[in-house]
Amino acid sequence: MPSAAVVLTALVTVRRSLRFDFRAARLAWSFAGLALFFWGIPASAQPAEPCGAPHTGNVSPQASDALAILRAAVDGPDCDARRCACDVNSSGYITASDALLVLQAAVDLPVPLVCPCYEPDIACSSFEVRSGFGSELKEGWTGLDVQSGFAGRLFDLNVVRHCTTDASVCTDDKQCGSGSCVATCDCNVDTTCELAGPSQGRRCLFTFESCVSNADCAGSPCVALFGPPRPISAGGVSLCSVTWFDGDATGTADFASGTLSLSARLVRRFTSGVSLDLPCPRCGRPDQAPVIGDSFACEGGPASGSVCNVDAVDQEFGGTSFECPPEPQADSGEPGIPLGRVRMTTDRVEKTAQLPCANVSFGSNPLLGNGKCTDLETPCSSNDDCRRCAGDSGRPCKSDAACDDEGPCVAWPALPVTCGYWCHCGFCDDDPSQPCFDESDCPAGQACQAGSGIATAANAPQQKPNQCSDDGFQCGAWLPEQCNQTLTQHCELEPQRPCTDDATCQGNNAGACISERLPCFGPRVSREGRPSPLGRYCSTSHKPCRGPIDCAVHEPCLHGVAVPRLEVLACMPATTSSTTNNSIGLTGPSALEIHALIQPCYCGDGVIGCSETCDDGNTVNGDGCDDRCRKEQ
């Protein structure tokens with residue numbers, strides 16, 4: 001039987017040579033397997049035990065616990081039950097470093113073991129929501145504003161508590177009289193949570209400085225931001241977008257099935273970009289490969305030259321930071337553009353255009369009494385009058401027999417030909433603060449109607465269904481949400497730079513000028529969310545993992561997280577800038593797909609996370625850190 005000293009020596013050697021070299025990790029795995037043969041640790045051992053003791057369950061870890069953790073660090077199952085016993089440095093993932101710490105503790109060396117405990121008596125109390133690189137924002141009817149590859153922290157949420165006496169919402173037992181204030185879930189036994197937020201710290205809208213109230217901000221509101229600034233470059237227009245919450249966010253999640261639904265009112269603000277290549281002040285250029293948490297100097301904006309930490313990364317434009325705010329005076333005029341109440345969900349979401357378009361070229365519409373099929377301009381009163389052969393969309397028909405070998409005879413949505421032109425976005429009773437797709441977005445008794453404002457008013461009507469001018473404004477005839485013949489041109493190496501020939505791109509070292517089908521929104525916009533239970537996932541790719549060996553190099557395998565795909569459909573009102581409106585296509589629809597990573601935090605685990613301001617390892621009040629992990633006065 002190998003002694004603890006022998007195993008310690010081997011682990012030290014492995015750690016020095018390993019340094020996340022997975023070939024060395026496999027050697028360590030072979031060594032661990034030999035030692036396990038002698039010690040007889042079963043491969044399926046997964047007890048939920050004290051910190052650092054996944055195998056023995058002892059209060060003081062043993063060398064066999066270190067070997068179990070080493071096996072889990074490579075690709076073993078020993079820590080699948082929960083990471084509490086294995087992630088002894090609270091790094092968020094399990095490595096040979098954890099095994100080394102446990103073995104040092106086993107031979108009585110004075111090393112700290114700090115676990116993010118998932119024990120049944122430690123309940124989840126809050127959540128941090130981040131976006132990953134697969135996320136995409138697509139908005140407006142021009143098809144030019146499609147932003148993807150943006151990753152960063154978005155917002156925090158708390159687990160809602162209720163009084164046992166009357167089910168009222170509470171924060172502590174004092175509010176419940178003779179009852180108790182009980183959380184709606186614990187992420188262990190009860191996985192169905194009521195959520196409320198945003199619970200992260202607030203910031204002054206213009207300076208991004210931390211604040212508690214508007215009085216702290218010298219003229220700008222104190223708001224809870226929906227993530228860091230986001231760069232936009234569309235149609236040769238450079239913008240920096242900042243979004244924030246207008247009130248509370250509420251919702252539910254079941255972390256066993258993975259379903260989630262949140263509702264919140266959001267407001268958005270555009271500022272003019274620093275340049276076409278620098279829409280938002282930057283914290284780390286793309287060629288510097290910024291990673292969240294890295295330090296650089298702000299480039300552009302009022303804080304240019306000051307030290308910043310990366311809060312989000314755009315794969316096209318680089319890092320952005322709360323320490324690099326955009327210029328307040330560069331705003332196009334509006335204090336904020338309301339997006340209304342939006343829903344973020346793992347469910348399927350779908351909206352159908354139901355409103356007439358405002359541009360006179362698209363005045364044909366059955367609601368106006370002059371409906372015409374959008375391909376051949378033949379009169380119609382419904383989509384059923386615009387049937388076409390599925391194999392030949394230019395061939396009118398009344399039945400399958402009329403199509404010969406080009407059948408069947410179908411109507412929209414099987415083909416994109418509709419009776420009249422339809423636009424997506426209006427306003428509840430023409431209220432500019434309540435954009436809508438249909439009546440379901442409006443308060444009871446209010447109608448969703450086309451806006452009546454001028455082109456630069458918040459309630460300006462949507463002008464066009466899309467910009468597929470070479471396709472008779474039919475979107476999705478061949479590929480979903482793409483024009484068929486209508487093209488857009490941009491530089492190969494700088495997609496944000498429009499072009500008409502190679503010279504424009506080559507003069508900016510941006511490669512060749514390439515043509516692609518223009519993105520578009522059709523008469524129906526649909527998105528499919530994806531539920532995700534709590535589990536183990538790679539931090540960037542979000543694929544399931546058992547350990548670091550299943551993920552890319554330098555991409556940790558995170559434990560106890562969820563990676564849902566959240567879908568958001570909203571209507572974006574017009575701004576006071578005609579340039580912005582014409583470039584993006586506002587008023588117009590917006591579709592946001594968030595490839596989210598949701599990290600639970602556990603008050604009482606000794607690790608400060610999410611919106612916690614303290615964590616002293618317990619949930620006792622009166623000791624300076626209360627049972628919600630907030631500092632007590």
Side-chain angles (χ1 to χ4, degrees), residues 138-141 245-252 261-268 336-359 362-371 374 380-384 411-413 416 418-454 457-466 475 481 521-529 566-574 585-593:
K138 180 178 180 180
E139 60 186 341
W141 49 260
F245 290 88
D246 182 19
D248 294 336
T250 58
T252 59
S261 180
L262 295 173
S263 176
R265 295 187 69 86
L266 298 177
V267 182
R268 195 171 178 199
I337 307 166
L339 301 182
R341 181 162 291 281
V342 302
R343 181 173 174 240
M344 292 167 266
T345 179
T346 55
D347 296 338
R348 179 180 177 85
V349 289
E350 189 171 86
K351 293 294 184 180
T352 299
Q354 301 180 15
L355 301 170
C357 301
N359 189 290
F362 303 91
S364 170
N365 191 287
L367 294 180
L368 305 176
N370 63 343
T374 52
C380 60
S381 58
S382 72
N383 290 329
D384 194 55
W412 183 85
T418 55
C419 180
Y421 296 97
W422 301 88
C423 279
H424 279 285
C425 291
F427 301 88
C428 300
D429 281 2
D430 206 25
D431 181 351
S433 68
Q434 297 189 94
C436 57
F437 282 99
D438 51 45
E439 267 72 23
S440 67
D441 296 329
C442 298
Q446 293 191 15
C448 183
Q449 60 191 74
S452 63
I454 61 173
N459 63 332
Q462 183 175 338
Q463 298 292 309
K464 301 179 182 180
N466 55 61
C475 174
E481 295 193 354
F521 283 122
R524 177 175 292 169
V525 181
S526 62
R527 294 290 188 273
E528 188 76 44
L566 302 176
E567 303 293 350
V568 183
L569 294 183
C571 278
M572 181 71 190
L586 304 178
T587 300
S590 173
L592 173 62
E593 182 171 278

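Predicted model only: the values in this text are computed from it and were never measured. Computed over heavy atoms, backbone and side chain alike; hydrogens, waters and symmetry mates excluded.
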Worked check of salt bridge (Lys or Arg N to Asp or Glu O under 4.0 Å) between E481 and R524: CA-CA 10 Å; E481 295 193 354; R524 177 175 292 169; over 6 Å; no
Tell me, with the steps shown, if T346 and L566 meet side chain to side chain contact (heavy atoms under 4.5 Å, CB included). CA-CA 5 Å; T346 55; L566 302 176; 3.7 Å; yes
Applying disulfide (SG to SG under 2.5 Å) to C428 and C442, what does each step give before you reach the verdict? CA-CA 6 Å; C428 300; C442 298; 2.1 Å; yes
Full working for side chain to side chain contact (heavy atoms under 4.5 Å, CB included) between L266 and F245: CA-CA 5 Å; L266 298 177; F245 290 88; 3.7 Å; yes
Which is it for D248 and R265 under the salt bridge (Lys or Arg N to Asp or Glu O under 4.0 Å) test, yes or no, and what are the steps along the way? CA-CA 8 Å; D248 294 336; R265 295 187 69 86; over 6 Å; no
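Here the CD-CZ distance, from Q462 to F427, works out to 9.5 Å after rounding to the nearest 0.5 Å. The structure places CG of L592 at 9.0 Å from CD of E139, a figure rounded to the nearest 0.5 Å. A distance of 9.5 Å separates CH2 in W422 from SG in C357, rounded to the nearest 0.5 Å.
Every residue meeting the side chain to side chain contact (heavy atoms under 4.5 Å, CB included) condition with A411, not counting sequence neighbours, appears here in chain and number order: R387. Remark: T374 pairs with Q474 by the side-chain hydrogen bond (donor to acceptor under 3.5 Å, both in side chains) rule, at least two apart or across chains. Listed by chain and residue number, Q449, S452, N459 satisfy the side chain to side chain contact (heavy atoms under 4.5 Å, CB included) test with D430 (two or more places apart in sequence, or in another chain). Under the rule for a side-chain hydrogen bond (donor to acceptor under 3.5 Å, both in side chains), the partners of N359 that lie at least two apart in sequence or sit in another chain are S361. For Q446, the side-chain hydrogen bond (donor to acceptor under 3.5 Å, both in side chains) criterion is met by Q434, not counting sequence neighbours. Legend: residues meeting side-chain hydrogen bond (donor to acceptor under 3.5 Å, both in side chains) with Q354, ordered by chain and number and at least two apart, are absent.
When only modelled atom types and interatomic distance are considered, S440 and D438 share a side-chain donor-acceptor pair under 3.5 Å. Side chains of S382 and D384: a donor-acceptor N/O pair is absent below 3.5 angstrom, by distance only.
Listed for the D429 side chain is a donor-acceptor partner under 3.5 Å among the backbone atoms of A447.
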